[in-house]
Amino acid sequence: MGKVLIIGAGGVGTVVAHKVAQNPDVFTEIMIASRTKSKCDAVVKAIGNPNIQTAQVDADNVDELVALFNSFKPEIVINVALPYQDLTIMEACLKTGVNYLDTANYEPKDVAHFEYSWQWAYKKRFEEAGLTAILGCGFDPGVSGVYTAYAAKHHFDEIQYLDIVDCNAGNHHKAFATNFNPEINIREITQNGRYYENGQWVTTQPMEIHKDLTYPNIGPRDSYLLYHEELESLVKNFPTIKRARFWMTFGQEYLTHLRVIQNIGMARIDEVEYNGVKIVPLQFLKAVLPNPQDLGENYEGETSIGCRIRGLKDGKEHTYYVYNNCSHQEAYKETGMQGVSYTTGVPAMIGAMMFLKGIWKKPGVWNVEEFDPDPFMEQLNKQGLPWHEVMDGDLEL
C-alpha cells in the first residue's frame, strides 16, 4: 500500500520499525534512517527482514533530508528523531512532496520550552502542497488525544474536566535512568508545571502539586502535575473543557537524583567551558547515563496511561476513565525494547497506517484528536495496546 521512511533508530524508532514490519499489507517498502547507519542496520538485523533499507542522514540538515526523500520517495515520513529536528524534517517534506508524522512537538535546542505554534504555522503551506502532517502521534501526546476524541464522540455531549494520568510502575534495577532520551526527559520535568482552568493557563513550580492516584493493577502512586504539550491542542479542539491537567508518577529515589543533578548544575542546557572545550552539561550527563534502549532486558512491571474525564451527557454528569496498561516484559519479548518505547512507537505506526489507508488524510497540519478516533482505537486493540473503560467510577480528581 505504501512506502514509509522512519527517521530515528533509538528505542521508539526500533519499536516503530518492528510494528511497521509486522504490517506488510500496509507498509510495502520500509527504510530506516538516522545519523548512525549502523544503528539502523542493527534494528533490521533484530527484525530479521533483509528487505528493510537503511540510510545515514543528519536530520538537522534540510539538504541531506531532501536528497534522501528524493532518492527513496516515501509516501510518509515517521519522525521519531529529536524534537529539535521537527521543523527541518517538515521543511524537507514540503520541498519533496512527502507527508509527515511525529510523536513530540518542536522545541528549540537552547530553551526548555515546547509549544505547537511553530508547527501550526506550517498549516497553510501543507494545505497548499496537498500534504498531510500529523502531530503528536505517540501515547501522550497521541493516544491521550485519541482517547479524548473517542470520549467526546461516544460518551459526552460536553467534556468539562480532563486529567491525563501517566504511571510507570516498572523497575529497571538501575540507580537512576530515564525511560526515553535523558536530555528531553530532564528538560521536560524540571520546567514549571502548567494547567488550564477557566480559559487561562495557571503556572506552578516544578513538582509543586502532587497527590496519590490509584492506577489499575498497580495501586496508589504519588503523581505530579506537569505541563504536557497535548493540553494545548486539546483545550483548543474541545472548547467546552473547563480544566485540563497532566499527571505523571515519579519515585522518591528518582526525584532525589534529579534534585542533585539540578543542584550541581548538570541539568544546565547552556554551554560551559571545560579544558578549552565547550560542552552542555545535560548533554554530557546523557552520555554517561544508561541508554534507554538498553533498559528492556531487566525491566519488570508495567505502565498505565489514560484519560480521566468528567462532563455532561443528556444533561447529566458522568465520569469516564479510558486507559492502557503495558507490560515492560511483554514489550521486550516482542521488540527488544521496554514499555515506554513501546507505548510511543505502536501509536506512531498506527497513525501512519491510518494515513496510508486514506482514513487520516487531509491537507494541512493536524493534531490526532482532529481525526476520526474509531479506526485508530480498533487498531490499538489489534497492535498490542488494548484499552479498558470504567464508566461512572471515582476519578479521585
Side-chain angles (χ1 to χ4, degrees), residues 115-116 120 135-137 139-167 193-204 209-216 220-221 223-249 304-325 347 354 359-360 362 366-381 385-397:
E115 61 179 69
Y116 277 117
W120 284 344
L135 305 185
C137 197
F139 206 109
D140 44 353
V143 175
S144 54
V146 175
Y147 280 172
T148 305
Y150 184 82
K153 181 174 177 179
H154 296 284
H155 300 299
F156 292 96
D157 299 323
E158 196 176 295
I159 290 178
Q160 295 179 328
Y161 299 94
L162 167 67
D163 286 276
I164 298 164
V165 294
D166 183 330
C167 172
R194 201 151 60 107
Y195 64 95
Y196 181 84
E197 189 161 34
N198 297 327
Q200 294 183 312
W201 291 101
V202 181
T203 301
T204 70
I209 297 174
H210 61 104
K211 66 184 297 178
D212 268 5
L213 297 175
T214 309
Y215 295 88
R221 285 288 192 278
S223 306
Y224 292 78
L225 187 145
L226 304 181
Y227 176 65
H228 228 241
E229 61 214 67
E230 66 264 45
L231 298 180
E232 183 185 11
S233 67
L234 287 168
V235 299
K236 171 175 162 278
N237 290 319
F238 297 95
T240 60
I241 291 177
K242 294 179 180 179
R243 188 184 67 211
R245 301 178 296 191
F246 182 94
W247 305 82
M248 186 175 274
T249 62
S304 182
I305 314 173
C307 292
R308 301 184 184 190
I309 297 169
R310 185 154 53 99
L312 299 177
K313 178 73 173 176
D314 300 327
K316 292 180 182 167
E317 187 171 271
H318 290 278
T319 69
Y320 177 67
Y321 181 19
V322 55
Y323 67 91
N324 161 266
N325 276 33
M354 293 295 101
I359 300 167
W360 283 17
K362 51 183 177 180
W366 309 96
N367 294 87
V368 294
E369 67 270 15
E370 296 179 90
F371 295 101
D372 182 8
D374 292 6
F376 191 103
M377 293 286 277
E378 187 186 331
Q379 285 299 325
L380 285 170
N381 284 330
L385 292 176
W387 44 278
H388 312 275
E389 299 172 298
V390 179
M391 312 295 296
D392 292 320
D394 176 12
L395 298 185
E396 305 176 303
L397 290 156

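Fair warning: this is a prediction, and the values are worked out from it, not measured in the lab.
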Salt bridge (charged side-chain N to carboxylate O under 4.0 Å, His left out) partners for E197, two or more places apart: none

Any donor-acceptor N/O pair, N325 side chain to P216 backbone, under 3.5 Å: yes

Donor-acceptor contact below 3.5 Å, side chain W387 vs main chain M377: yes

Test side chain to side chain contact (heavy atoms under 4.5 Å, CB included) applied to I305 and V143, step by step: CA-CA 9 Å; I305 314 173; V143 175; over 6 Å; no

Do the non-hydrogen side-chain atoms of [X] and [Y] ever get within less than 4.5 Å of each other?
X	Y	answer
I209	W247	yes
K242	N198	yes
D163	R243	yes
L380	N324	no
I164	Y147	no
P347	L385	yes

Interatomic distance, [X] atom [atom1] to [Y] atom [atom2] [nearest 0.5 angstrom]:
X	Y	atom1	atom2	value
L213	L397	CG	CG	5.0 Å
Y227	R245	OH	CZ	15.5 Å
H388	Y323	NE2	OH	5.5 Å
T148	L162	OG1	CG	4.5 Å
M354	W360	CE	CH2	7.5 Å
E369	L135	CD	CG	9.5 Å

Results of side chain to side chain contact (heavy atoms under 4.5 Å, CB included) for R221 - residues two or more places apart only: C167, A169, Y215, I218, T249

Set of side chain to side chain contact (heavy atoms under 4.5 Å, CB included) partners for E370, sequence neighbours left out: N237, W366, N367

I need the minimum non-hydrogen distance between [X] and [Y], along with the two atoms involved.
X	Y	result
P386	N381	CA-OD1, 3.2 Å
A244	V235	CB-CG1, 3.8 Å
A151	I159	CB-CD1, 4.3 Å

Side chain to side chain contact (heavy atoms under 4.5 Å, CB included) between F246 and R194, intermediate numbers included: CA-CA 9 Å; F246 182 94; R194 201 151 60 107; over 6 Å; no

Listed partners of H154 passing side chain to side chain donor-acceptor pair (under 3.5 Å), at least two apart: D374

Summary of salt bridge (Lys or Arg N to Asp or Glu O under 4.0 Å) pairs that have at least one residue in residues 230-239, sequence neighbours excluded: none

Give every donor-acceptor pair under 3.5 Å between a side-chain atom in residues 306-321 and any protein atom, sequence neighbours left out.
unit_1	atom_1	unit_2	atom_2	d
R308	NH1	L395	O	3.1
R308	NH1	E396	OE1	2.8
R308	NH2	T214	O	2.7
R308	NH2	Y321	OH	3.3
H318	ND1	D392	OD1	3.1
H318	ND1	D392	OD2	3.1
T319	OG1	D392	N	3.4
T319	OG1	G393	N	3.1
T319	OG1	G393	O	2.8
Y320	OH	E389	OE2	2.7

